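Remember, it's a predicted structure, so these values are computed and weren't measured experimentally. Residue numbers begin at 1 in each chain, while the letters A, B, ... track the order of the sequences.
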Protein chains: 2
Amino acid sequence: MTQRATYQSVAAHIQDRIEAGELTIGRRLPSERQLCEQLQVSRANARDALHHLENRGLIYRLNRIGWYVSPPVFIYDPTRTHSILHEARQHQRSLETELISATRETVSVAITRTLGLSSQTPVYKVIRRRSIDGRWALLESCYYREDAFEGLLEQELGGSLTDLVSRHYGYRQRSLNIGISSTCLNDQQALCLQIREGSPALRLERAVSVDGQCLIVEMEHWLHDAVEMRVKGESQE
Amino acid sequence: MTQRATYQSVAAHIQDRIEAGELTIGRRLPSERQLCEQLQVSRANARDALHHLENRGLIYRLNRIGWYVSPPVFIYDPTRTHSILHEARQHQRSLETELISATRETVSVAITRTLGLSSQTPVYKVIRRRSIDGRWALLESCYYREDAFEGLLEQELGGSLTDLVSRHYGYRQRSLNIGISSTCLNDQQALCLQIREGSPALRLERAVSVDGQCLIVEMEHWLHDAVEMRVKGESQE
DNA sequence: CAGTGGTCTAGACCACTAC
DNA sequence: TAGTGGTCTAGACCACTGC
């Protein structure tokens, strides 16, 4: 506290350079070895500093490629009725979506049970990744009851699934059960987002019900520094 | 991926011991040096493994004291109308509250503005920490408009503030604006919770309004592995 | 291929806690 | 005072990326 550790000085130095505009958003930082030399510290020390800045959301890394200055958080209402694309447009952020897989298969008991199905019943599973301002920021896994979404796999799955569900399938009045927690990414998830296994993430699970029956489970894994969730509520005691 | 790193083996080993029940919830792990010797790895390596398990929420550390097995997450609805004490009782978790400070002072512009006040107007500020099953898990900073909570500092501030607001001050119908994001703790916050500066946390900001006027801003910092937020929603397209 | 981050070793001293 | 985690050094080799 009173005495500042070396790695904290290093972190402060890098932070200063970011805030001074010398390193701008999306720019790559000098390599770890360059930082060591510039600041005359050991590499472990430099890495400690980088990890701290990463935790604080100022920088992020692409696995085995380098360190970059983080863009501002994306503001996002998980109870929203419209597509996330609206939110992106509203905040003038570029959002791109890439379909990774769309299959019919049996999935974990937890999800199957949430969907009100017996354990071996197959469901539609759609996996996509999304980038914000050019950075892969979000991995999305959606699970659909087969009986409620006939022909889903033949639909266009690269756009707004929210719109598809409401326009094509006609499910408009929905109730949601949302869970938000901190987690970290496993091998596959990390690979999809080009980051290191074990990176911290914000997990959003959304169970969508129509007439009391859960039809969709959506699972989102956001890079921890990429998002802020905003929710409005009413309460009466 | 194909080849497992040493630190991953170490992490897996510790995880096995936890899952086997050899290390139970709240128990302290062997010291880092003991782990090094037991598993024949360097200390940096052992620490890497511990950090990974910490990220994944399996273990946590008390600053300069040791590593411990994490309790399960606390489930919590930030839009709830009742006190969090209800939730604790419901899930049979012990929750304790300690008042750290209660003052009248000028605070950050961001909060003052949210409260609809001009920048130098003092507000009531109440800081508390809360433990779950004996572990400090949550730091709470609440800001109240002075004109709406006369005599607040003379009230009993160690119990449910939700109840105080609704019973004593009569604010029952409220609307909420909630923000949830990932963050990490600064020196002071970390000190209060006995953990290391920079530890990852879940930040919950709640602006409470009555008749369109914001009267309270509540800021909660939860240890990242201590909580899962659950929200219900309705949506109509 | 050169350069990056990822993993790893074998030490060292310091600040702090618990006793 | 003994033991803990926190910080730090000066190396090393590996896996992978981008050219």
Charged N to carboxylate O below 4.0 Å: is that the case for A/Glu19 and A/Arg17?
no
I want to check something: taking the side chain as every heavy atom from C-beta on, are A/Val73 and A/Asp225 in contact at a cut-off of under 4.5 Å?
no
Just grab all the ring pair (Phe, Tyr, Trp, His ring centres under 6.0 Å) pairs involving residues 12-50 of chain A, residues at least two apart or on different chains.
none
Counting only heavy atoms not in B/Glu96, do more than 12 fall under 6.0 Å of its CD?
no
Phosphate OP1/OP2 of D/dT4: any B/Gln34 side-chain N/O under 4.0 Å:
yes
Please state how far atom CG in A/Leu35 lies from atom P in D/dT9, giving the value in whole angstrom units.
14 Å
Without decimals, in angstroms, what is the distance between A/Glu37 CD and C/dG3 C1'?
14 Å
Please work out which of the three classes, parallel, tilted or perpendicular, describes the rings of A/Trp222 and A/Phe74, given edges at 30° and 60°.
parallel
Base, sugar-phosphate or nothing for A/Arg33? Non-hydrogen atoms, less than 4.0 Å.
base
Roughly how many Å is it from CH2 in A/Trp67 to P in D/dT17, rounded to a whole number?
17 Å
Short of 4.0 Å, heavy atom to strand atom, which residues of residues 42-52 of chain A count as contacting DNA chain C?
A/Arg43, A/Arg47
A/Thr6 side-chain N/O to D/dT7 phosphate OP1/OP2 under 4.0 Å:
no
Spacing of B/Tyr7 atom OH relative to D/dC14 atom C1', expressed in whole Å:
13 Å
Does the Lys NZ or Arg CZ of A/Arg135 fall within the cation-pi geometry relative to A/Tyr60 - under 6.0 Å from the ring centre and within 45° of the axis?
yes
Does a side-chain N-to-carboxylate-O contact under 4.0 Å join A/Asp77 and A/Arg230?
no
Check whether more than 12 heavy atoms from other residues, nucleotides or ligands sit under 6.0 Å from atom CD of B/Glu105, and answer yes or no.
yes
Of the candidates D/dG5, C/dT4, D/dT17, the side chain of B/Glu32 sits closest to D/dG5
Within a strict 4.5 Å, meaning less than it, do heavy atoms of the B/Leu185 and B/His221 side chains meet?
yes
DNA chain C contacts made by residues 57-64 of chain A, counting heavy atoms under 4.0 Å
A/Arg61, A/Asn63, A/Arg64
To the nearest Å, give me how far apart CD (B/Glu197) and C1' (D/dG5) are.
15 Å
Presence of B/Arg196 side-chain N/O under 4.0 Å of D/dT7 phosphate oxygens OP1/OP2:
yes
May I ask you to evaluate whether A/Ser31 reaches the phosphate of C/dT4, defined as a side-chain N or O under 4.0 Å from OP1 or OP2?
yes
